[in-house]
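Every chain is numbered from 1, with letters handed out A, B, ... down the list of sequences.
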Amino acid sequence: MSELRFTVDHEWLRVESDGQVTVGVTHFAQDALGDVVFVQLPELGSYSQGDEVAVLESVKAASSIAMPVDGEITAINPELEDNPERVNEAPLGEGWFFRMQLADSSVLDSLMDEAAYDRFLTATADA
Amino acid sequence: MNTPLQHTALNALHLELGAKMVPFAGYSMPVQYPLGVLKEHQHTRTAAGLFDVSHMGQLMLHGSDAAAALETLVPVDIIDLPVGLQRYAMFTDENGGILDDLMVARLSDDCLFVVVNAACKDQDLAHLEQHIGSRCQIENLYASRALLALQGPQAAAVLARLAPAVAEMTFMQFAAIELLGTTCYVSRSGYTGEDGFEISVPNEHAEALARRLLAESEVEAIGLGARDSLRLEAGLCLYGHDMSVDTTPIEASLLWAISKPRRADGARAGGFPGAERIFAQQKDGVERKRVGLLPQERTPVREGTPIVDADGNPIGQVCSGGFGPTLSAPLAMGYVTRDFIPVGSQVFALVRGKQIPMLVSKTPFVEQRYYRG
């Protein structure tokens, strides 16, 4: 299954064939942040939902990236060290942040699917 | 508390161009266009960028005594400012603190043209009226004129298509020039470090002029985001960040802007607010000073970041900082204590609990390319 799940913090999660979950930020997030010039990626290890695990620096400001759900970060995207602009160019592709092993895979069911995330974006834009 | 935002004469154009608008100094201003801050910055350095800076305050001081009167408020030679030339100046207070920085141009023997910062313009007008209102006529153009900046290596070629005379102007020259049939006040200056012009145009003609300039293939609309990274690379101060009422021109490393005749050993020494303190600081040195800072890692170091020495002792604070697209690296300016003022000094920024090494650096970070003829 490669269906995307989304958080209210505009992160996306995708379950890979090996069961690991890839995490990045959405197109909406990269557009709101502006040109990304630096990404501080996390140390590998276990984190709780809400822990600040990464920092995105755009030309405008620094934004922290929170752990979307409980789990263990098993890999980071080395590409972002030299090419932080990948976050803007391909937020759902080469601009991914890290891979993680979920503490509880059923947690994905509580996150938004693409249709729900689109409705969430529309609702927040209207607010 | 929430007063409605003001709009410049180009507001409809900004929206049409897809600008992202943000509140700035009481105005709704374009922070970036669809091109984005990085590309807007690069475009200005390689071709030409058009900026709406109409939020800034434009004034005229009329009367034969206007120059002598204004001199009582700024440490700059205004009396001998020739017609057709502009100078950078600052209003100081009794403690030598900077109330605002400004541009002063002489339009004619009896008329000075002044541009002040948006956030200070009401206070500046009151300051002028209180101190020199009886000596000259102060005409405030805040609601009647727009200000456009055309900046970049192609700016002169572009503007010369509308008025060939601008090609002859050199850095800091100033003239009344017809553009599209309207009298504009044009200075060859700007705040990007590039060659370029600032153009004062009546509100009702501003959009037509902006559209005409944007129709030129070299020109893109540029927002305040890129304006900030451009001026930071050029080592130029932003009022309220890199200087304030709590800093003197000496502390802000702006001694160069104090005209020779107004200095302690000059022909018209002093005679501006705070002169004694400023002269004392020039003679004895200062406890802290604004310096350029180059972070030695990729992490941008932002305004307000504490600066410490190798042992972690506080020695200052960053006043402006970010990423320099042309430098292709982070850059900053900050105030540091006396021991760390020399270029090459090693200091550290405290970012998210981590010490980022920084080197005190000369400014500008990117070479200024003004046209001096």
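Neither the backbone nor the side chain of A/S64 has a heavy atom closer than 4.5 Å to any heavy atom of chain B. Heavy-atom distances place the backbone of A/A61, and not its side chain, under 4.5 Å from chain B. A/V39 does not touch chain B: none of its heavy atoms, backbone or side chain, sits under 4.5 Å away. Only the side chain of A/E52 comes within contact range of chain B, with at least one heavy atom under 4.5 Å from a heavy atom of that chain.
Ion pairing between a basic and an acidic side chain is recognised when a charged N comes within 4.0 Å of a carboxylate O; B/R352 and A/E57 show such pairing.
By number of non-hydrogen pairs under 4.5 angstrom with chain A, the leading residue of B/P300, B/G322, B/S328 is B/P300.
The side-chain heavy atoms of A/V59 and B/S229, taken from C-beta on, include no pair separated by under 4.5 Å.
Heavy atoms from other residues, nucleotides or ligands lying under 6.0 Å from CD of A/E81 number 12 at most.
Note that the CG atom of A/D35 and the CD atom of B/E40 stand 8.5 Å from one another [nearest 0.5 Å].
A donor-acceptor pair shorter than 3.5 Å cannot be found between the side chains of B/R298 and A/Q40.
Contact detail for B/Q32 and A/G34: the closest heavy-atom pair is OE1-CA, 4.5 Å.
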